[in-house]
Undergrad: 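Please read through the structure below; I'll follow up with questions.
Indexing begins at 1, ligand by ligand and atom by atom, following the structure's order.
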Amino acid sequence: MPTSLCGTWDMISNVNFDGYMSALGISTYLRKIALRLKLKKVIERQGDQYIIKTLSTFRNYAISFKIGQEFEEFTKGLDNRHIKSTVTWQGNKQKCEQIGEKKNRGWAHWVEGDKLHLELYCDGEVCKQVFKKNVNE
Ligand code: VL7
């Protein structure tokens with residue numbers, strides 16, 4: 001049984017976010033804004049439904065899904081694409097495959113100690129974000 005991803009997590013590092021956003025075709029203007037953000041993840045589970053919220057002072061984004069069930073994702077306020085997403089467990093990693101216009105797109109979450117790790121993939125670019133558990137929220 002993998003350590004729970006659930007909780008509130010504050011970003012402490014963000015490597016190659018710019019490369020990931022470039023691969024998604026995000027404008028220079030928006031990338032500059034996004035690069036300054038300290039993202040927060042709120043991960044909840046209600047029964048077999050997961051909810052992942054990405055929060056910032058600029059924009060918020062949320063998805064909800066069941067493990068192994070493909071869902072339609074619209075990346076509203078991000079790259080605004082329609083994709084088909086499926087989240088599965090692979091060992092202790094929760095992995096999402098995002099099928100659409102962009103190749104090799106997806107992400108993986110896992111916990112090590114009190115840190116939440118996230119890798120974001122698009123078209124050969126890998127962004128690595130690490131979050132620290134926020135015990136006050
Ligand atoms: C979601 C953003 C950059 C456009 C705005 C930046 C606002 C705050 O896919 C993600 O998370 C998964 C895994 O936790 C769950 O949805 C990452 C943030 C990536 C991509 C696009 C810049 C404009 C960012 C919402």
Undergrad: Taking the six-membered ring for Trp, are Phe65 and Tyr50 parallel (under 30°), tilted (30 to 60°) or perpendicular (over 60°)?
TA: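 The rings of Phe65 and Tyr50 lie parallel, inter-plane angle below 30°.
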Undergrad: Using a strict threshold of under 4.0 Å (side-chain N to carboxylate O), is an ion pair present between Glu73 and Lys84?
TA: no
Undergrad: Tell me, please, whether Trp110 has Lys93 positioned over its six-membered ring: NZ or CZ under 6.0 Å from the ring centre and within 45 degrees of its axis?
TA: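 Cation-pi check for Lys93 and Trp110: passes.
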Undergrad: Is the closest basic N to carboxylate O distance between Arg105 and Asp123 below 4.0 Å?
TA: no
Undergrad: Any side-chain heavy atom of Lys41 sitting closer than 4.5 Å to one from Asp10?
TA: no
Undergrad: Give a table of atom pairs where an N or O of ligand 1 lies under 3.5 Å from a protein N or O.
TA:
{"residue": "ligand 1", "atom": "11 (O)", "partner": "Lys41", "partner atom": "NZ", "Å": "3.0"}
{"residue": "ligand 1", "atom": "14 (O)", "partner": "Lys41", "partner atom": "NZ", "Å": "2.6"}
{"residue": "ligand 1", "atom": "14 (O)", "partner": "His109", "partner atom": "NE2", "Å": "2.8"}

Undergrad: Got a salt bridge between Glu44 and Lys53, using NZ or NE/NH1/NH2 to carboxylate O under 4.0 Å?
TA: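 A salt bridge links Glu44 with Lys53.
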